[in-house]
Amino acid sequence: MHESSRRHKLEQIAALGVDPWGGRFDGRQWIGDLRARAGEVCYRLETGAEVPLPDMQAEGFDFRAWKSQQGAGEMVGPKVRAAGRIMLQRPTGKLVFLNLRDWTGDIQIFVGKKQVGEAGFALAGLFDLGDIIGVDGQLAFTNTGELTIFAEQLHFLCKSLAPPPEKHHGLTDPELRQRMRYLDLVYTDGVLERFLQRTKIVHAIRATLDAQQFVEVEGPTLHAIAGGAAARPFVTHHNALDIDLYLRIALELHLKRLMVGGMERVYELGRVYRNEGISPRHNPEFTMLEVYQAFGNYETMMDLTEQMILAAIDALGGEYRRPWGKATVDFTPPFARRTYDELLAEHAGVAPDDPAGLARVAEELGMPTAGKHPDVVKNFVFEERVEARLTGPVFVTDYPASICPLTKRRPGHPQIAERFELFIQGMEVANAYTELNDPDLQEQLFRTQLEGLPEEDSMARMDTDFVRALRHGMPPAGGLGVGIDRLVMLLTNAQSIREVILFPLLRPTE
RNA sequence: GAGGAUGUAGCUCAGGCGGUAGAGCAACGGACUUUUAAUCCGUAGGUCGCGGGUUCGAAUCCCGCCAUCCUCACCA
């Protein structure tokens with residue numbers, strides 16, 4: 001019914017000889033750039049003298065009074081061309097005010113019958129909210145001091161057949177916002193801005209890596225063995241080969257093969273898939289960055305992590321202290337560096353070298369400890385008692401070696417893994433290792449992990465091809481993984497991962 | 001997967017002691033040449049998430065299902 005009136009207008013537009021679906025429209029300027037040209041507008045008196053305009057936004061300023069003070073004259077401003085979506089319409093007889101929006105901002109359009117002519121005004125009468133139009137006209141101010149394009153010619157660029165959301169409240173239903181992200185982007189404040197910020201963050205990270213001669217590659221997303229992390233994979237099937245394949249759960253093992261192949265500094269920034277639950281911090285597909293640097297170690301990666309995050313903050317405007325919900329996160333470098341055991345003692349109230357005490361705490365927290373490796377128990381306590389309290393940013397170092405099968409041990413301290421995780425607001429944002437490059441130890445760790453441990457406790461699946469690659473020699477290296485979505489959440493003050501993923505997974509309807 | 005909340009017009013929301021549905025915005029008709037969520041007059045618009053039950057009668061009570069959100073679990 002609403003649509004039928006829009007369809008009727010579409011036919012009327014076509015009857016005027018105007019293509020309701022528009023076409024190429026060259027030479028227009030972005031509205032944000034037009035707003036920046038407000039200073040070019042001036043007031044020309046009948047004497048020909050041009051008077052610069054005062055600050056229209058000043059408190060209590062009355063533009064009408066100012067003009068009558070100056071004497072008779074007219075507003076003069078640059079000729080401009082804009083295009084965008086109609087957000088609001090205020091028809092007042094032979095005059096219509098429109099608010100036009102493009103992806104840089106909003107601006108008011110003045111459409112007067114006298115200025116655009118009968119045909120132009122007839123066209124304007126067929127506009128609906130949501131239509132996309134182009135405007136040629138003069139940039140100037142209205143009597144109320146609003147920067148406005150006084151239209152001289154209107155161009156119809158696209159009919160909107162579906163009515164837009166309510167003009168004041170927009171879309172508020174979170175389900176609709178995600179299902180109809182295209183509307184959310186147009187009609188919910190800050191949404192488009194946040195996704196553009198996401199792009200800036202990703203770009204800053206790439207720029208930081210590229211500047212240090214890292215090369216970006218694209219590994220396979222279809223894996224015969226879903227390795228490199230502890231997670232349940234999605235299973236798919238290749239018909240011609242008649243084999244099951246897994247969507248990748250990590251980028252790691254293929255990037256390391258490339259290190260064997262001589263790619264000394266390599267990274268991939270891409271999607272990984274984990275067949276796990278959905279929550280405000282988890283989406284089944286998410287974006288991961290993994291970086292490997294030959295002849296570095298986990299400390300090299302710590303410095304790099306900090307550099308990338310600071311570069312991203314720089315790209316967003318450089319405030320180190322950033323709001324995140326009710327909290328403030330202070331990214332002022334250097335980020336704190338604390339050991340796993342220190343934090344365990346501090347937050348869990350248990351001596352890190354007291355397996356019986358740790359088991360007691362774990363049992364209290366509801367974990368059956370019988371038959372579990374002491375370090376699995378310890379890590380459970382860490383995850384339950386410590387992680388949520390790490391407001392950070394804090395690099396946690398010196399993890400128990402036995403829960404880190406892909407990590408090199410500290411020389412002289414075989415029980416300590418050369419690893420860090422970066423925690424911010426209780427979220428694990430980055431994870432890095434001094435990478436294990438001893439193929440025999442790697443194979444043995446795969447096996448011990450697989451033996452006697454239920455699958456969900458296993459940190460790795462045997463990958464004999466990967467072990468064979470290691471036998472050919474992988475340089476000692478630092479490796480890093482960064483959860484891009486979570487980093488974007490923290491830097492753009494988003495409380496849910498669904499606010500930083502354009503199309504988060506939803507159950508299909510109908 | 002478990003618990004809680006929500007689902008009423010295109011959108012934002014009222015109503016709900018069981019008696020057959022309401023506002024604002026959007027739409028349609030009309031007035032208005034400097035409006036700012038324009039204003040004013042008028043009109044139209046709904047299987048009240050889906051299915052079943054109780055009842056003379058259900059949007060309202062009961063049961064089941066679906067979807068979303070929140071919390072928890074798995075995980076990053």
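Worth knowing before you read on, the calculation uses all heavy atoms, side chains too, and leaves out hydrogens, waters and symmetry mates. First the proteins, then the strands, lettered A, B, ... as listed; each starts at 1.
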In whole angstrom, what separates [X]'s [atom1] from [N]'s [atom2]?
X	N	atom1	atom2	value
Leu129(A)	C25(B)	CG	P	13 Å
Glu428(A)	C74(B)	CD	C1'	15 Å
Arg274(A)	A76(B)	CZ	C1'	6 Å
Phe97(A)	U39(B)	CZ	P	14 Å
Arg101(A)	A37(B)	CZ	C1'	13 Å
Arg6(A)	C11(B)	CZ	P	13 Å
Arg7(A)	G10(B)	CZ	P	16 Å
Lys94(A)	A31(B)	NZ	C1'	10 Å

* Any sub-3.5 Å donor-acceptor pair from Asp102(A)'s side-chain atoms to Gly84(A)'s backbone N or O? ->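 A pair under 3.5 Å: no.
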How are the rings of [X] and [Y] set to each other: parallel, tilted or perpendicular (split at 30° and 60°)?
X	Y	answer
Phe63(A)	Trp66(A)	parallel
Phe234(A)	Tyr273(A)	perpendicular
Phe110(A)	Phe150(A)	tilted

Using atom [atom1] in both nucleotides, what's the gap between [N] and [M] to the nearest angstrom?
N	M	atom1	value
U71(B)	A44(B)	C1'	44 Å
C65(B)	G22(B)	P	34 Å
C66(B)	C50(B)	P	15 Å
C13(B)	A76(B)	C1'	38 Å
U6(B)	A59(B)	C1'	15 Å
G46(B)	U35(B)	P	37 Å
G42(B)	A58(B)	C1'	34 Å
C11(B)	C62(B)	C1'	32 Å

* Would you please test Glu276(A) and Arg232(A) for salt bridge (charged side-chain N to carboxylate O under 4.0 Å, His left out) and show each step? => CA-CA 7 Å; Glu276(A) 311 279 357; Arg232(A) 290 184 181 80; 3.7 Å; yes
Phosphate OP1/OP2 of [N]: any [X] side-chain N/O under 4.0 Å:
X	N	answer
Arg498(A)	C69(B)	yes
Gln495(A)	C70(B)	no
Arg90(A)	A38(B)	yes
Arg64(A)	U35(B)	yes

Pairing partner of [N] (Watson-Crick or G-U wobble, both distances under 3.5 Å):
N	value
A2(B)	U71(B)
A38(B)	none
G10(B)	C25(B)
U47(B)	none
G57(B)	none

* Under a 4.0 Å N-O cut-off, is there an ion pair linking Glu285(A) with Arg271(A)? -> yes
* Can Glu252(A) and Lys256(A) be counted as an ion pair, charged N to O under 4.0 angstrom? -> yes
For a quick check of understanding: with a heavy-atom distance under 4.0 Å over all strands, which category does [X] fall into, base, sugar-phosphate or nothing?
X	answer
Lys9(A)	sugar-phosphate
Gln178(A)	sugar-phosphate
Ile278(A)	base
Tyr187(A)	nothing
Gly277(A)	base
Lys167(A)	sugar-phosphate
Pro91(A)	base
Asp106(A)	nothing

Measure from the side-chain heavy atoms of [X] and tell me the nearest of [options].
X	options	answer
Glu166(A)	A27(B), G24(B), U35(B)	G24(B)
Leu506(A)	C28(B), C11(B), U68(B)	U68(B)
Pro280(A)	C74(B), U68(B), U71(B)	U71(B)
Gln108(A)	C11(B), U35(B), A76(B)	U35(B)
Arg486(A)	A76(B), A26(B), U34(B)	A76(B)
Asp128(A)	U35(B), U12(B), A27(B)	A27(B)
Glu175(A)	A67(B), C74(B), C32(B)	A67(B)

* Asked: Above 12 or not: heavy atoms from other molecules or residues under 6.0 Å from CH2 of Trp324(A)?
  ->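 Check passes, neighbour count above 12.
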* Indicate syn or anti for C17(B), taking the glycosidic torsion and treating anything within 90° of 0 as syn. => syn
* What about Glu146(A), does its side chain sit under 3.5 Å from the base of U35(B) through a donor-acceptor pair? -> no
* N/O donor-acceptor pair, side chain Thr172(A) with base U12(B), under 3.5 angstrom -> no
* Checking salt bridge (charged side-chain N to carboxylate O under 4.0 Å, His left out) for the pair Arg498(A)/Glu175(A): CA distance, chi angles, key distance, verdict? -> CA-CA 10 Å; Arg498(A) 302 161 93 74; Glu175(A) 178 180 356; over 6 Å; no
* Closest-nucleotide ordering on RNA chain B, the 5'-leading residue of Asp173(A) and Leu88(A) -> Asp173(A)
* Does Gly170(A) or Met288(A) map to a spot on RNA chain B nearer the 5' end, using the closest nucleotide for each? -> Gly170(A)
* Is Phe286(A) stacked on the base of A76(B) when the test is centres under 5.5 angstrom and planes under 30 degrees? -> yes
